[in-house]
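What follows is a single structure, written as structure tokens, with notes after it.
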Amino acid sequence: RGLYDFLTDRKTMTTSLKQALKTHFGFDSFKSKLQEDVVKAVVRGDRDVFVCMPTGAGKSLCYQLPAVLAEGITLVISPLIALIRDQVDHLRDHNIPACSINSKLPAVERRLILADLGSSSPKLKLLYITPEMVASPSFQPCLTDLCSRSLLSHLAVDEAHCVSQWGHDFRPDYLKLGELRARLPGVPCLALTATAPKNVQEDIIQSLKLRLPLSFITPVFRNNLHYDVIFRELLPNPYVHLHAFIKKALMLDSGSNGQGCGIVYCRTREGCETVAYQLTKLGILSKAYHAGLKAGDRTEVQNEWMQGRVLVIVATISFGMGVDKANVRFVAHWNLAKSLTSYYQESGRAGRDGLPSSCRTYYSAKDKAQINFFICQDVNRRQRKRGSAKESDKAAITDFEAMVSFCEREGCRHATISKFFGDKTPNCAGACDFCSNPKVVQAQLARAAALRTNTLAAPSNTPKGPFGFQADLYEGGKKGYGFERYDEGGEGNEDDGTKRKKEFSDLFKKQMKLRKVKHDNYCVSCCVDADCPLREASSQKIPKLTVKHEVFKNSKSSNLYKAAVLKKVTRKRIGAGQRGSSNPFITAKDLLKSSMLDTESNKEKESGRFFNDSSGDMKAKRERLKETNMDTSSAASSSIKARAKAVSASLDNPTKGGKAMSKKQQKLAEAAKSSRNISQYFTKKQTTEKIQEDADMPEELDATFSHTPSEIAQENISREQHSPASVEAVESSQDVIQAESKTAVIVIPDDNKEKKTAEILNTSEQDTTSITEDLSPPAKRSRPTDGHSRRVTFNPSVQERALHPVNVPPKPVMLKEAADIVVRYLDPFYKQGKFATKELFKSFARYLSHLLAEGRSRGKSQVKAEAKALIKKFFSSVQRCESEADWKHLKRPHSRKTTEKNK
Ligand SMILES: Nc1ncnc2c1ncn2[C@@H]1O[C@H](COP(=O)(O)OP(=O)(O)OP(=O)(O)O)[C@@H](O)[C@H]1O
Ligand SMILES: [Zn+2]
């Protein structure tokens, strides 16, 4: 920082900085006094700096300008590759040498960058990296080298609130930045965020180990933003209402165009599509933007909106981060934001140019209940995973409560926000609905309370209205039935409010309890349809099936149930066969035929049901699998084996059969049929899944609503999704199987673990690295012709051989089996964070599976041993897998010796 010496004189510094600002960025002056002060503090470099300035205040320049002036390189930590890309492009446009190292970087570029960093005087001024990359072993040598040569001028941590568990976008990898900070004691650190309540601010300072930082905190109050809340359920036609709001905000009636544009935020993709459609129908060209669109379409929509060709973008909250548009005249939330912090940030995208703009939330009690549900579910999930509760679990709940209270409480909206962020009460001066007309707000609240009381109090057989009107059919209820508007007066009293709260809270608790049970535990009494004959667990036997209820009770999925039933039946038959010296399995061949026919005809009907039972707890299933002493490989494979046994037995005794057998055949067929039918009893009512699907939590939420691999797999199963890749793999493994088989074709239900393997290996739905990035492919891709069950062909003679392992060489392992083995062994590593991304994990699993299935000449145990050895070998040299290059040199052990040694 010797170069800064010439800047020590205050006056000279100001002049020089202004010159540099003009030269490098083309700006005539600083955006604000605050921006100038921050830049000066960073340039001085004698203290760490903490910056909390609203979006659009020009935070990036606070480290970019000093970076250009300093000797050495400024290391910038940013959470999203997309954001990084924007920043790097922007800097390059200004001829400022900047680049990024990330997992998506082509190897050639990476080498060039590393070469420059390794040179005696690197040209690079700003190096952007993700927190994941900072922690990766492959980056460490580079970092150490830069440190040892004192080539790091600054460390800038953008979106620093991600470091705090109290923050709305907590990223565990941000926590590792504390260690990084400790490794760079002489390098001044700058932490920047737009939104950080007091506790988050404290967390940032502590986690990043900032030493007596100079804090630059802008008050959150922005007087050019007008906030209001509309209770959507009170509106006769919410779309018309929204349309009117937009027309006013964009001054469309005044006939002038070019009055800016706006954003409508929706929680779901479907919501985006519907609102965009409705607005367009009403005359305002609007386009939807969400993760379900192809990347190209998304970019096009964004460009059209940026260029003013589309006035309104209707988006999930994934849209907006890093979008810098000055003339956003309104931001409307069609659904409640998940937290007040998020709301402040999202709504803050309005009026960046300082001109008057509107921020509106369309509140609904339904949204409130749904979001609350998701937050609680997420907290529960995390607590279950962790095994204990944490103080910070409350963060999401508290922040959401603040959002609800912002909508439901009487009072100045700006004051509520300021108070939440620890600021003084601002002078709103009519910049919110409450301050401009408190009576309207009070009236609306009273009506919402009355509506809820009416809805709750109304018994289901309430006399119908004049036209057969039923309150709940119309969402808006009795009030919504009419044509009144939210601001047309109305009385309410305090008792009403208290009563409403209590009733609503009771209802909510009740609903939560119901849903929680469904999610936590499979429970016959509440998850089984009311008309199911098995509802009364005490005495029922399964209709048309003489199997005791024990089996039913102990099986939590139809697969397991079927396997257990078949096992029981098989055992009985074996016994019978021995006693009667006739082999009952002689009829199994026929049974198989009949079951084929049967299954084919029932395929469509059943397939969905088989899938549904996969939504149970996979872990529990695995446990139960062990308990039932079955082959741990999979329930489906046991059912294949059971059938294969039957087939092989029948082949062993081809002449035996006759009438007696056909009776057994009937019974077995019946059992098989009933066991399939039984799956319908497990079919959960779709309510909770539906809600979840409806919610379609956008990617930005994924930071809080993050998933473990098994949860991802499970979610994918329950949503019956297949990414094209997963279909591919299933097909490719089938191809392998089919190529070898020319015999029986049966349809077997998907087994949980098998499916999990396929999903883990192939889905690209969730990317754990880009948590806040909305770049995942559509969640609802499904295989059009997929009837949910997979057609798997198998060769009885192969299965037969497996029954006699002593006499015949081991059955060669096929790709699908290899994949099963690999995923089982690799999963723990993934869970321990040994892969930088889920994509890498899947890619590696795919690679290993192919490697192990190569040549198809080895048996299962050998493949297992080789898989273990390979994985062990891999992780002995790689601490954490960062790129595909990491396993380039990994080869299958050739000699038996190697395998033995590694066992
Ligand atoms: N001194 C300046 N004069 C004029 N424009 C500026 C100045 N500094 C920054 N800007 C512009 O202001 C806009 C917002 O800046 P920037 O993206 O850095 O804001 P931010 O505070 O980082 O916002 P966010 O929180 O959304 O990232 C950019 O277009 C930037 O080029
Ligand atoms: Zn106010």
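One-based numbering, in listed order, for ligands and for the atoms of each. Only this structure's heavy atoms are used, side chains among them; waters, hydrogens and symmetry mates stay out. All of these numbers come straight from a predicted model, not from anything done at the bench.
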Kindly say whether the aromatic ring centers of Tyr343 and His333 come within a distance under 6.0 Å. yes

Quick look: Phe27 vs ligand 1, heavy-atom contacts under 4.0 Å, and the answer is side chain

Any nitrogen or oxygen of Lys59, side chain or backbone, less than 3.5 Å from one on ligand 1? yes

Contact between Ser164 and Tyr174 at the side-chain level, heavy atoms closer than 4.5 Å - yes or no? no

Is Arg352 near ligand 1, meaning one of its heavy atoms is under 4.0 Å from it? yes

Hey, is Lys198 close enough to Glu202 for a salt bridge, meaning N to O under 4.0 Å? no

Under 2.8 Å from the Zn ion (ligand 2), can any N, O or S atom of His414 be found? no

Show me which atoms of ligand 1 lie under 4.0 Å from any heavy atom of Ser60. 16 (P), 17 (O), 18 (O), 22 (O)

Using the Zn ion (ligand 2) as the apex, give the angle to atoms SG (Cys428) and SG (Cys412), rounded to 10 degrees. 110°

Counting from 1, what ligand 1 atoms have a heavy atom of Ser29 closer than 4.0 Å? 1 (N), 2 (C), 3 (N)

Before moving on, can you tell me the angle at the Zn ion (ligand 2) between the SG atom of Cys432 and the SG atom of Cys435, to the nearest 10 degrees? 100°

Verify the ring-centre separation between Trp305 and Phe319: is it less than 6.0 angstrom? yes

When only distance counts, is Gly58 in polar contact with ligand 1, meaning an N/O pair under 3.5 Å? yes

Report the part of Gln35 (side chain from C-beta onward, or backbone N, CA, C, O) that has a heavy atom under 4.0 Å from ligand 1; answer both or neither where that applies. side chain

Measure up the Phe231 and Tyr363 rings against each other and bin them: parallel (under 30°), tilted (30 to 60°), perpendicular (over 60°). tilted

Considering both backbone and side-chain atoms of Glu159, is one of its nitrogen or oxygen atoms within less than 3.5 Å of a nitrogen or oxygen in ligand 1? no

Are the side chains of Phe420 and Ser418 in touch, meaning some heavy atoms are under 4.5 Å apart? no

I'd like to know if the side chain of His414 and the backbone of Ala431 have a donor-acceptor N/O pair within less than 3.5 Å. yes

Of all the heavy atoms in Pro54, does at least one lie under 4.0 Å from an atom in ligand 1? yes

May I ask you to say whether Arg181 pairs ionically with Asp48, meaning some side-chain N is under 4.0 Å from a carboxylate O? yes

Using side-chain heavy atoms (C-beta onward) and a distance below 4.5 Å, is Arg171 in contact with Glu132? yes

For ligand 1, which atoms, with element, lie under 4.0 Å from some heavy atom of Phe30? 1 (N)

